[in-house]
Amino acid sequence: MSTAAAKDDIILSAQGLTKRFAGFVAVNGVDLAVRRGSIHALIGPNGAGKTTCFNLLTKFLQPSAGAIRFNGRDITSLSPAAIARLGVIRSFQISAVFPRLTVLENVRIALQRRRGDSFDFWRSEKVLSAFDEDALRRVDEVGLADYAAAEAGDLSYGRKRALEIATTLALEPELMLLDEPMAGMGQEDVARISALIRRISANRTILMVEHNLSVVADLSDRITVLARGEVLAEGTYEEVSGDARVIEAYIGAGHE
Amino acid sequence: MAVDAPATLPNSAAKVGAPRHHTLVFFALLLIMLVAPFVLYPVFLMKVMCFALFASALNLLLGFGGLLSFGHAAYFGIAAYVSAYTAKVWGLPPELAILLGTAAAAVLGLLIGALAIRRQGIYFAMVTLAFAQMVYFFSLQAPFTGGEDGIQAVPRGRLFGFIDLANDLTFYFVVLAIVTGGMLAIYRIIHSPFGQVLKAIRDNEPRSTSLGYKVDRYKLAVFVMSATLAGLAGAIKALVFQLASLTDVHWTMSGEVVLMTLLGGMGTIFGPLVGAAVIIGMQNYFASFGAWVTVLQGMIFVISVLLFREGIVGVISRWIKKPL
């Protein structure tokens, strides 16, 4: 996806990102540079620190050391909500829907951000119906139009993931961070979500953690391999899959 | 993003506005309450209404904000003290006494809430309980609360200078008007843009943050609203019984209101009203059994947790497949 001109256009970068928990270092001096418009994958054996990395980049965890830059701006000291407001929206490993809201309301709660803060407790929620049409179109885009009125908690796992992506997309994020979008999915769902991710990657950048290597090979422009909290290798799928240290890390960790 | 022709909107895809059956139930309840004082003892009914509002205030926080406060007696009690004191010692008219009592609860809610929302789950509940205990001991020691005696013989006064509240029936309709207003306010809060965000935070707090919502502010806002409405209930209660006492700030009061909310159905609109009516009804009509009332309450609570966890109204709501 990256054109020659955009090759050095870095949307998100981290330098020396480190997270120490009591007694061990989960992420140790990770350098990361995500190019605008690319799909960048973060892979590695279990416990490599991928999700911790995600939590640091979105400030759900406070880094012990290191700096994070988004569009050239230092965002290391911002709050998670402030980072979200800049256009960096993350998903979660466990499906992150609002189970007791309807499918439509799930997407609408993201669209509702356009009116800024919603502290107006005196106004009827009827004002939100202005977002209904847009919400429904987005629900339809991920194939959930028939379920618009259903409570999100009643959806199947794959559909929850699709709803989650629709909700994230509703914020028109510049950068999407997807934490294992295929985790726990059947083969059919994997193909569907894979196609969805490819489709939505136009005009935006995606950084994802993923275990399913065929998905990674299929989707990503660039891959960073983490092991024991450190960057082991970086490059295209062909480059990293041929790397002896990567093979050793995976087999050494007893993965697959 | 391509703009496709929007698919047709299924009816009621979004739960917008008041469903008609809510309006119906509301008017039915209002009708019952208009007739009730001619059948039942008005002071008993006023007590039920105060606790219905108190439980609804807690339910706003617990059922829609997902925050379990185990110290709501603090706001109920402090409002009772302030309204009793200002009515009796300062000789303020009832509307001002109620207003000041409610305001005191709001300020206390802001102070405690700002600290409590930094913790989550059981720790949040423990922090609210700890602060409520501090308010209790303050009430026990402070010179103006009357210690063990409380503030007794509080004059009900004249509302707006000309409506004499000494008459139980007159006061009943004033209380009915205030409580109805409070319930409508809660209903609106739940069904507002703010309420939508609140429910999202209740359902999934990290996800709400990741969408850019500053969740702490919403949690603090609903905490203050809940404390304020609990205070309104306490302020009225002080004038109804012409008494503010340590019972109002005691932790058992905090427990009782949680019990009412759970028994009636947390997260439902009408559950707390039913819960309050059942518990206060039991305390009133089974008073001759003495301490056994507490045992009976405990048994009912155990049964409700084992057999109908969604509470009385929650179960009915499931039967008729409509949110109540």
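Values below: all heavy atoms of this structure, side chains included; hydrogens, waters and symmetry mates excluded. Every chain is numbered from 1, with letters handed out A, B, ... down the list of sequences.
- Salt bridge status for A:E105 with B:K199: absent, with no side-chain N to carboxylate O gap under 4.0 Å.
- The pair A:R100-A:D154 does not count as a salt bridge, with every side-chain nitrogen at least 4.0 angstrom from each carboxylate oxygen.
- By number of non-hydrogen pairs under 4.5 angstrom with chain B, the leading residue of A:V139, A:T167, A:D120, A:L171 is A:D120.
- Most heavy-atom pairs under 4.5 Å with chain B: of the set A:E164, A:Q112, A:R115, A:K59, this distinction falls to A:Q112.
- At a threshold of 4.5 Å between non-hydrogen side-chain atoms, the residues A:F121 and B:Y218 do not count as touching.
- Residue B:R217 touches chain A through both its backbone and its side chain, counting heavy-atom pairs closer than 4.5 Å.
- Within 6.0 Å of the CZ atom in A:F119, the count of heavy atoms belonging to other residues, nucleotides or ligands exceeds 12.
- No part of A:N106 comes within reach of chain B, as not one of its non-hydrogen atoms sits under 4.5 angstrom from that chain.
- Top candidate by heavy-atom pairs under 4.5 Å with chain A, chosen from B:G212, B:P206, B:S210, B:P193, is B:P193.
- The pair A:E174-A:R36 meets the salt-bridge criterion, since a charged nitrogen lies less than 4.0 angstrom from a carboxylate oxygen.
- Only the side chain of A:F60 has a heavy atom closer than 4.5 Å to any heavy atom of chain B.
- Looking at A:I109, the atoms closer than 4.5 Å to chain B (heavy atoms on both sides) sit in the backbone and in the side chain alike.
- Residues A:D9 and A:R35 are not paired through a salt bridge, judged by the lack of any N-O separation under 4.0 Å between the basic side chain and the carboxylate.
- Neither the backbone nor the side chain of A:S79 has a heavy atom closer than 4.5 Å to any heavy atom of chain B.
- Top candidate by heavy-atom pairs under 4.5 Å with chain B, chosen from A:G153, A:A81, A:P80, A:A84, is A:A81.
- Of all the listed residues (B:S208, B:A221, B:A185), the one sharing the greatest number of non-hydrogen pairs under 4.5 Å with chain A is B:S208.
- In this structure, a donor-acceptor pair under 3.5 Å is absent between the side chains of B:Y213 and A:R113.
- Using a 4.5 Å cut-off between heavy atoms, A:V97 touches chain B through its backbone atoms (N, CA, C, O) alone.
- Taking 4.5 Å as the limit, every side-chain heavy atom of A:M182 sits out of range of all side-chain heavy atoms of A:D189.
- Looking at A:R199, there are no atoms closer than 4.5 Å to chain B (heavy atoms on both sides), in backbone or side chain.
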